[in-house]
Amino acid sequence: IKEIQPSGPYLLGGFSFGATVAIEMARLLQLNGDICDPILSIDGWAFYPKDIQEKVVLDESLIQQHKELSKQYQESGLGNINNLLELQWHRNMMLNQYQINYFDQKIILFKADELLHYFKKMQSPFNHWEKYSNSSIDVFNVPGTHGTILSEPNVKVLAHRLNQCLEKFEWY
């Protein structure tokens, strides 16, 4: 980031686990005196439910999601979707091992309207980010689930709400 843009302010964000990565990147940049505010979270959660911390349970859930998306992958020429199971397991393990540090950045959360069944047990209007930040969290609901929020037609709603948020910042 510093090679491409030596000084801030920076706008960081991510989808799912990418939101946690963006928060850590912002923390490191802030330690260096840079400004990273706000952070955009596209249906990112501060932590995952205990249910999906077991590989068998996670795989079962992901297989169902992948069945729904596999046709789109094949049509896009992205290859074998089954290889993503192992990748997602490693991502899940990294998130479960990572200890979120308390942070000061505002979060703009684009939250899927429909929770996947294992997230329903731990519902939170802010996806539990409020436990790690004393800054405000703005929430914008987007139709779909975690797995479909980036697909048509839901991604159009996400893009519209994202643009509305970005227009509020002077540097944009």
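Residues: numbered from 1 along the sequence shown. Since we're looking at a predicted model, the values are computed, not measured.
Contact of the His146 side chain with the Leu115 side chain is not registered, since no non-hydrogen atoms from C-beta on lie closer than 4.5 Å. In this structure, Ser135 and Phe103 have side chains that are not in contact, with every pair of non-hydrogen atoms separated by 4.5 Å or more. The side-chain heavy atoms of Lys111 and Phe140, taken from C-beta on, include no pair separated by under 4.5 Å. A heavy-atom distance below 4.5 Å is found between the side chains of Asn127 and Leu109. For the pair Ile108 and Lys106, the minimum side-chain heavy-atom distance is below 4.5 Å. Within the 4.5 Å cutoff, the side chain of Val142 has no heavy atoms near those of the Asp113 side chain. Taking the side chain as every heavy atom from C-beta outward, Ile23 and Trp129 approach each other to under 4.5 Å. With a 4.5 Å cut-off on side-chain heavy atoms, Lys131 and Ser124 do not count as touching.
A salt bridge links Lys2 with Asp34: the closest approach of a Lys/Arg side-chain nitrogen to an acidic carboxylate oxygen falls below 4.0 angstrom.
Taking CG of Leu158 as the start and CZ of Phe15 as the end, the distance is 9.5 Å to the nearest 0.5 Å. The CG atom of Asn134 sits 4.5 Å away from the CG atom of Asp104 when rounded to the nearest 0.5 Å.
In this view, Glu114 satisfies the side-chain hydrogen bond (donor to acceptor under 3.5 Å, both in side chains) rule with no residue, not counting sequence neighbours. In this view, Phe126 satisfies the ring pair (Phe, Tyr, Trp, His ring centres under 6.0 Å) rule with no residue, not counting sequence neighbours.
Across all non-hydrogen atoms, the minimal contact from Pro143 to Val157 is CD-CG1, 3.5 Å. Taking every heavy atom of both residues into account, Ile1 and Met25 meet most closely at CD1-CE, 2.9 Å. Of all the heavy atoms in Gly44 and Ala19, the pair that sits closest is CA-CB, 3.9 Å. For Arg27 against Gln105, the heavy-atom pair with the smallest separation is N-NE2, 4.1 Å. The shortest non-hydrogen separation linking Phe110 to Ile149 is O-CD1, 4.0 Å.
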Working for side chain to side chain contact (heavy atoms under 4.5 Å, CB included), residues Asp138 and Ile107: CA-CA 6 Å; Asp138 293 343; Ile107 293 179; over 6 Å; no
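When Ile35, Ile39, Leu166 are each tested for a side-chain contact (heavy atoms from CB on, under 4.5 Å) with Leu11, only one passes: Leu166.
Leu28 belongs to a hydrophobic cluster with Leu31, counting contacts under 4.5 Å between side-chain heavy atoms of Ile, Leu, Val, Met, Phe, Trp and Tyr, direct or through other members.
Counting only distance, with no hydrogens or angles, the side chain of Thr148 and the backbone of Thr145 share a donor-acceptor pair below 3.5 Å. Between the side chain of Asp43 and the backbone N or O of Ala112, at least one donor-acceptor pair lies under 3.5 Å. Panel note: side chain Gln5, backbone Pro9; a donor-acceptor pair is recorded below 3.5 Å. Checked by atom type and distance alone, the side chain of Asn154 never pairs as donor or acceptor with a backbone atom of Leu150 at under 3.5 Å.
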